[in-house]
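Structure first, commentary second.
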Amino acid sequence: IGIPDPFDVPDDVPQHGVHESGRLVAADPLDELHAFVDRRGMGNAFEKEDSARPLLEFRLLADQGNALAQNYLGVMYAMGQDVPQDYQEAMRWFRKAAGQGEALAQINLGLMYARGQGVPQDYQQAMQWFRKAADQGQGKAQFNLGLMYARGQGVSQDYPEAMQWF
């Protein structure tokens, strides 16, 4: 269906904009991740000589209920970054974060459902998660909703509704 890897976002996709390629777009985890690391005083957590540090620190925060850390653990598992790639584990962390209202995790869940990664492909579930993030003003989720309405994925094809989301 033309959905890119859930975490492969072209550099020219603005945070709250539309990508002209007609592809579903993902949340941009890396910018948010680095800002999160800076806010938490984790300093040089991504230097190669200590690659296990982010996983340990995010796991600690995630286990304490931190939704951002839960989302980023999901990203790490989905991408296989410093851990074996595991879509089901990624889904587990995305669900925890999304359940707390974390919009980036909601976008990531929507993409996982749209692609069938870690779960059976389910466009209706994808639509529900995109809608939750879109209702929080996430431009990428709004674009994904518009694209799904235009294609009739998970809903009846509806060009006027698609245009409302674009």
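All values derive from a computational prediction rather than experimental measurement. Note: hydrogens, waters and symmetry copies are ignored here, and every other heavy atom, side chains too, is used.
Smallest separation of non-hydrogen atoms from N71 and A97: N-CB, 3.7 Å. Nearest heavy-atom pair across A90 and A78 is CB-N, 3.6 Å. Between A105 and A98, the closest heavy-atom pair is CB-N, 3.6 Å. Nearest heavy-atom pair across A162 and G146 is CB-O, 3.2 Å. Here the shortest heavy-atom pairing between A126 and M148 reads CB-CE, 4.1 Å.
Note that the CG atom of L147 and the CD atom of Q153 stand 6.5 Å from one another [nearest 0.5 Å]. For the atom pair Q88 CD and W93 CH2, the distance stands at 15.5 Å (nearest 0.5 Å). A distance of 7.5 Å separates CG in L68 from CG in L104, rounded to the nearest 0.5 Å.
When the options F166, F130, W165 are evaluated for a ring pair (Phe, Tyr, Trp, His ring centres under 6.0 Å) with F143, the one that passes is F166. W129 pairs with exactly one of I107, N108, L109 by the side-chain contact (heavy atoms from CB on, under 4.5 Å) rule, that one being L109.
Checked by atom type and distance alone, the side chain of Q136 pairs as donor or acceptor with a backbone atom of G101 at under 3.5 Å.
Within the structure, salt bridge (charged side-chain N to carboxylate O under 4.0 Å, His left out) contacts touching residues 92-112 (residues at least two apart or in different chains) are E89-R92. Applying the salt bridge (charged side-chain N to carboxylate O under 4.0 Å, His left out) test to every pair with at least one member in residues 119-135, sequence neighbours left out, gives these pairs: R131-D135.
Q138 and Q106 share no donor-acceptor pair across their side chains, judged by distance under 3.5 Å alone.
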| said: Quick one, F94 with V75, criterion side-chain contact (heavy atoms from CB on, under 4.5 Å). Give me CA distance, side-chain angles, the key distance, then yes/no. | reply: CA-CA 8 Å; F94 289 148; V75 170; 4.0 Å; yes
| task | Kindly indicate, with the supporting measurements, whether the criterion side-chain contact (heavy atoms from CB on, under 4.5 Å) is fulfilled by M127 and Y149. | result | CA-CA 9 Å; M127 290 286 293; Y149 274 107; 3.5 Å; yes
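Q164 is linked by a side-chain contact (heavy atoms from CB on, under 4.5 Å) to nothing, counting only residues two or more places apart in sequence or in another chain.
Within 6.0 Å of CD in Q124 there are 12 or fewer heavy atoms belonging to other residues, nucleotides or ligands. Within 6.0 Å of the CD atom in Q100, the count of heavy atoms belonging to other residues, nucleotides or ligands exceeds 12.
Side-chain atoms of V83 and L73, non-hydrogen and from C-beta on, never get closer than 4.5 Å to each other.
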